[in-house]
Protein chains: 2
Amino acid sequence: MARLPLYLRALTGLAERGIATVSSEDLAAAAGVNSAKLRKDLSHLGSYGTRGVGYEVEYLVYQISRELGLTQDWAVAIVGVGNLGRALANYGGFVSRGFRVAALLDADPEVVGDTIAGLNVVHIDELETVIKRRGVSIVVLATPAQAAQAVCDRVVNAGVTSILNFAPVVLSVPESVEVRKVDLSIELQILAFHEQRKADRESGGPLMAVENQ
Amino acid sequence: MARLPLYLRALTGLAERGIATVSSEDLAAAAGVNSAKLRKDLSHLGSYGTRGVGYEVEYLVYQISRELGLTQDWAVAIVGVGNLGRALANYGGFVSRGFRVAALLDADPEVVGDTIAGLNVVHIDELETVIKRRGVSIVVLATPAQAAQAVCDRVVNAGVTSILNFAPVVLSVPESVEVRKVDLSIELQILAFHEQRKADRESGGPLMAVENQ
DNA sequence: ATCCCTTTGTGAACCGACGCACAAAGTCAG
DNA sequence: CTGACTTTGTGCGTCGGTTCACAAAGGGAT
């Protein structure tokens, strides 16, 4: 389930505050979901709750971490060391959740050789070698849109089956490869859409009511 | 609809290649969705297609842009000028789609006064003033998790009703305020989850089959 | 002018997710 | 030990979204 990371985040927050036990109601509120949904999700990974009491925070953290595969560490390569790539390389949220940035790659000879977040930037020509040698299993694409599909093809050929794509293009990949995409400007466009509808409703709303009579 | 930006992106790509007309089938492929779904989505904003021919690219770009409210320009403020905030400030994808970064704010006196992407970083104390004076209607939160809710409250009080949240917390806001959230590490965790299931299936799969006999 | 071919727009079946509401199960006080 | 209370786990009705499949509509050739 795609909500497990959300629960995990809420649980680690509770653990830090020293809370040992939590009810589905409280945890659901902390994660921003319905409590029945949360219980159903958790029941899919086994009966880890105690009726009348709730869930033991520590135990649940461990179970969800295991389910998500966060008990092993994952080597991640970031391709494209522009502004976004740099930000991702320096982002603390990855390391704290079992992800290790194992390689930075770029095509621009200007940045190859630079050290970012303690890592040497390698030329994209080394892609296949680096992936094999450093055991990379997840690749983050932060390249310009034009380059994304070509890099993606090479990454897939090198045997990687999980890609996080920040480039604003639809990547075509074999069915066995999973691509998740984050498009920052799409998120803003959706906000603008709703923002405009609010504005329309305020000015045009009453008018519409008149027209509808 | 949340898919309109996707269609728009595909359409501008086609327009750049000089394609004047496109069928729902082709456009759906370019956007990575089902063609029936695309036709239904487009029909919700009026009958802009011609049976037997398809959709006129230019016209559709205009109609979707108008529907999304991209014909006006939106002033965006970015709060939190860490690695991510900097990357967002420099990100070209915003400007090209009608979004203007109108303000950068931070609490750290070390970065206040710096110039990033041609903008002066302002202290967070000025938040309300800056929002009003520069007509900001969308705020991007790129602060640490601990600070996010407090900043969010101030932003909401200042009258902003659209927030894009990069901090890994669930923000509580009035119902009238829309929050979209992007959590980079959650995306990676979902990839790791599927990656692990693939690995489990390869090693544990055949074994399971034996056990099930 | 007519016929055939392409493509849109949509009715209707299908599917999964969501949440209510409740029974089963466990805790704790007396 | 018993009974009242709390909370999980889940059956079931509902709802929105997705997709199939087809009728309606337009274009172009003969």
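Computed from a predicted structure; not experimentally measured.
Heavy atoms only, all atoms of each residue included: B:Val76 and B:Val140 are closest at CG1-CG2, 3.7 Å. B:Val57 and B:Ile19 make their closest contact through CG2-O, 3.4 Å (heavy atoms, listed as atom of the first residue, atom of the second, distance).
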| task | May I have the step-by-step check of side chain to side chain contact (heavy atoms under 4.5 Å, CB included) for A:Arg17 and A:Leu14, ending in yes or no? | result | CA-CA 5 Å; A:Arg17 282 190 279 149; A:Leu14 293 172; 3.7 Å; yes
List the steps, then state whether side chain to side chain contact (heavy atoms under 4.5 Å, CB included) holds for B:Leu8 with B:Val61. CA-CA 6 Å; B:Leu8 187 57; B:Val61 165; 4.0 Å; yes
- Query: Given the rule in the side chain to side chain contact (heavy atoms under 4.5 Å, CB included) test, do A:Gln196 and B:Leu68 qualify, once you have shown the distances and angles that lead to the verdict?
  - Reply: CA-CA 8 Å; A:Gln196 194 195 34; B:Leu68 285 172; over 6 Å; no
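Nearest-nucleotide positions on DNA chain C for A:Asp41 and A:Val53 put A:Asp41 closer to the 5' end. For the pair B:Val33 and B:Gly52, both in contact range of DNA chain D, the more 5′-proximal nearest nucleotide belongs to B:Val33.
Nucleotides of DNA chain D lying under 4.0 Å from heavy atoms of chain B occupy a range whose first and last members, 5' to 3', are D:dT18 to D:dG27.
Side chains of B:Ser137 and A:Glu195: a donor-acceptor N/O pair is absent below 3.5 angstrom, by distance only.
Here A:Asn34 does not reach the OP1 or OP2 of C:dA17: none of its side-chain N or O atoms lies under 4.0 Å away.
In this structure, CD of A:Glu56 is placed 16 Å from P of C:dG26, rounded to the nearest angstrom.
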Protein N or O to nucleotides 9-12 of chain C N or O, pairs below 3.5 Å:
| from | atom 1 | to | atom 2 | distance (Å) |
| --- | --- | --- | --- | --- |
| C:dG9 | OP1 | B:Gly49 | N | 3.3 |
| C:dG9 | OP2 | B:Tyr55 | OH | 2.6 |
| C:dG9 | O4' | B:Arg51 | NH2 | 3.1 |
| C:dG9 | N7 | B:Arg39 | NE | 2.7 |
| C:dG9 | O6 | B:Arg39 | NH2 | 3.0 |
| C:dG11 | O6 | B:Lys40 | NZ | 3.2 |
| C:dA12 | N6 | B:Lys40 | NZ | 3.1 |

Identify every side-chain donor-acceptor pair in residues 166-177 of chain A under 3.5 Å, counting partners at least two apart or on other chains, and give the distances.
none

Show which side-chain atoms of residues 87-99 of chain B pair as donor or acceptor with protein atoms under 3.5 Å away, not counting sequence neighbours.
| from | atom 1 | to | atom 2 | distance (Å) |
| --- | --- | --- | --- | --- |
| B:Asn90 | ND2 | B:Arg86 | O | 3.0 |
| B:Ser96 | OG | B:Gly93 | O | 3.2 |
| B:Arg97 | NH1 | B:Gly93 | O | 3.3 |

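Every residue meeting the side-chain contact (heavy atoms from CB on, under 4.5 Å) condition with A:Thr129, not counting sequence neighbours, appears here in chain and number order: A:Glu126, A:Arg133.
Remark: nothing in residues 14-27 of chain B comes within less than 4.0 Å of DNA chain D through any heavy atom.
Side-chain atoms of B:Ile186 and B:Ile190, non-hydrogen and from C-beta on, do get closer than 4.5 Å to each other.
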